[in-house]
S.K.: 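First, the structure itself, so that you have it in front of you.
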Amino acid sequence: MLSRIGRTTIQLTRARGRQQTRTFAHADHAQFIPKQYPSDAEGIESGCLDTNEDILNLQLRKPGVASDYDMDEFLESNWDKGTIVIDTRNSNFSEEPGDEKTVKLGTFPSGDCAPGAIRPRAVNIVWNRGLKTMDLDNSMFKNLLNTNNEKGTPIITHCGGGGRGEKARKFLNGLGFTNVINGGGPEVKPLWKRYGEM
């Protein structure tokens with residue numbers, strides 16, 4: 001790593017050995033970016049990918065779920081802009097039984113999203129399957145929006161695996177939000193490791 005007056009430059013090796021240099025605005029962010037994207041076998045052997053389950057996660061992502069690279073780019077370009085994480089899962093497990101198993105993989109945001117909370121930049125806004133909408137009249141969400149550019153606020157949507165996260169992303173885009181990405185959810189472990197504590 002080469003430091004340059006508060007910025008950090010690293011050399012990355014992408015798929016098929018393609019080299020790329022990335023400069024990060026904040027040196028701490030570079031630690032979360034894999035320096036090399038290995039083949040599946042090399043990834044397991046080196047520890048970059050934990051198991052064949054991780055490989056399966058990469059291959060079976062739901063449509064619209066961000067790639068690892070796209071999430072890295074999103075986080076880097078928005079690191080200082082107050083990214084909001086919208087968790088669209090439903091804590092009423094009688095309505096969404098599948099959400100109960102995903103809570104074991106990744107917690108819901110705390111009730112008040114206060115400093116010191118488990119996920120201080122996250123808010124729970126349930127995706128309503130029947131109405132195909134979500135209620136944005138949520139004080140926590142409104143308080144987290146960037147006051148200078150509300151519609152440009154960086155937002156990561158997610159559910160358990162990305163289906164409702166993608167619906168929420170499209171819904172927000174339809175309302176004019178311009179900086180939204182679908183992070184999948186706790187079932188998409190490589191992405192969850194990048195933002196699951198925000």
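Keep in mind it's a predicted model, so treat the numbers as computed, not measured. Only this structure's heavy atoms are used, side chains among them; waters, hydrogens and symmetry mates stay out. Throughout, numbering of the chain's residues begins at 1 and tracks the sequence.
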S.K.: Taking all non-hydrogen atoms of both residues into account, name the closest pair between Leu145 and Glu150 and its distance.
M.R.: CD2-O, 3.8 Å
S.K.: Is there side-chain contact between Val85 and Val123, with at least one heavy-atom pair below 4.5 Å?
M.R.: no
S.K.: Evaluate Val180 against Thr157 for side chain to side chain contact (heavy atoms under 4.5 Å, CB included), listing each step before the verdict.
M.R.: CA-CA 7 Å; Val180 186; Thr157 60; 3.9 Å; yes
S.K.: NE2/His158 to CH2/Trp192 distance, rounded to the nearest 0.5 angstrom?
M.R.: 4.0 Å
S.K.: Between Asn78 and Pro154 (side chain of the first, backbone of the second, donor and acceptor by atom type, cut-off under 3.5 Å), is there such a pair?
M.R.: no
S.K.: As a quick check of understanding, evaluate side chain to side chain contact (heavy atoms under 4.5 Å, CB included) for Thr88 and Val126, giving each step before the final call.
M.R.: CA-CA 4 Å; Thr88 66; Val126 175; over 6 Å; no
S.K.: Just by distance, do the side chain of Thr102 and the backbone of Gly160 share a donor-acceptor pair under 3.5 Å?
M.R.: no
S.K.: Return yes if some donor-acceptor pair links the side-chain N/O of Asp70 with the main-chain N/O of Ala66 below 3.5 Å, else return no.
M.R.: no
S.K.: Is Leu172 close to Leu136 at the side-chain level, that is, under 4.5 Å between some pair of heavy atoms?
M.R.: yes
S.K.: Are any non-hydrogen side-chain atoms of Thr153 and Leu144 less than 4.5 angstrom apart?
M.R.: no
S.K.: So, Asp68 and Arg61, do they make that salt bridge, N to O below 4.0 Å?
M.R.: yes
S.K.: Hey, are Arg129 and Glu95 close enough for a salt bridge, meaning a charged N less than 4.0 Å from a carboxylate O?
M.R.: no
S.K.: Looking at Asn173 and Phe177, would you say the former's side chain and the latter's main chain have a donor-acceptor pair under 3.5 Å?
M.R.: yes
S.K.: Is it true that a side-chain atom of Arg194 and a backbone atom of Asp72 form a donor plus acceptor pair closer than 3.5 Å?
M.R.: no
S.K.: Do any N or O atoms from the side chain of Asp99 and from the backbone of Asn90 form a donor-acceptor pair under 3.5 angstrom?
M.R.: yes
S.K.: Any sub-3.5 Å donor-acceptor pair from Asn128's side-chain atoms to Leu131's backbone N or O?
M.R.: yes
S.K.: I'd like to know if the side chain of Arg89 and the backbone of Ile125 have a donor-acceptor N/O pair within less than 3.5 Å.
M.R.: no
S.K.: Does some side-chain heavy atom of Lys81 sit less than 4.5 Å from a side-chain heavy atom of Asn148?
M.R.: no
S.K.: Is Trp127 close to Asp87 at the side-chain level, that is, under 4.5 Å between some pair of heavy atoms?
M.R.: no
S.K.: Decide side chain to side chain contact (heavy atoms under 4.5 Å, CB included) for Phe171 and Lys132; before the verdict, give the C-alpha distance in whole Å, the side-chain angles of both, and the deciding distance to 0.1 Å.
M.R.: CA-CA 9 Å; Phe171 177 78; Lys132 296 183 169 79; over 6 Å; no
S.K.: Just by modelled atom types, is the Leu175 backbone N or O under 3.5 Å from a matching donor or acceptor in the Lys151 side chain?
M.R.: yes
S.K.: Could you check whether any side-chain heavy atom of Ile156 comes within less than 4.5 Å of a side-chain heavy atom of Leu75, counting everything from C-beta outward?
M.R.: yes
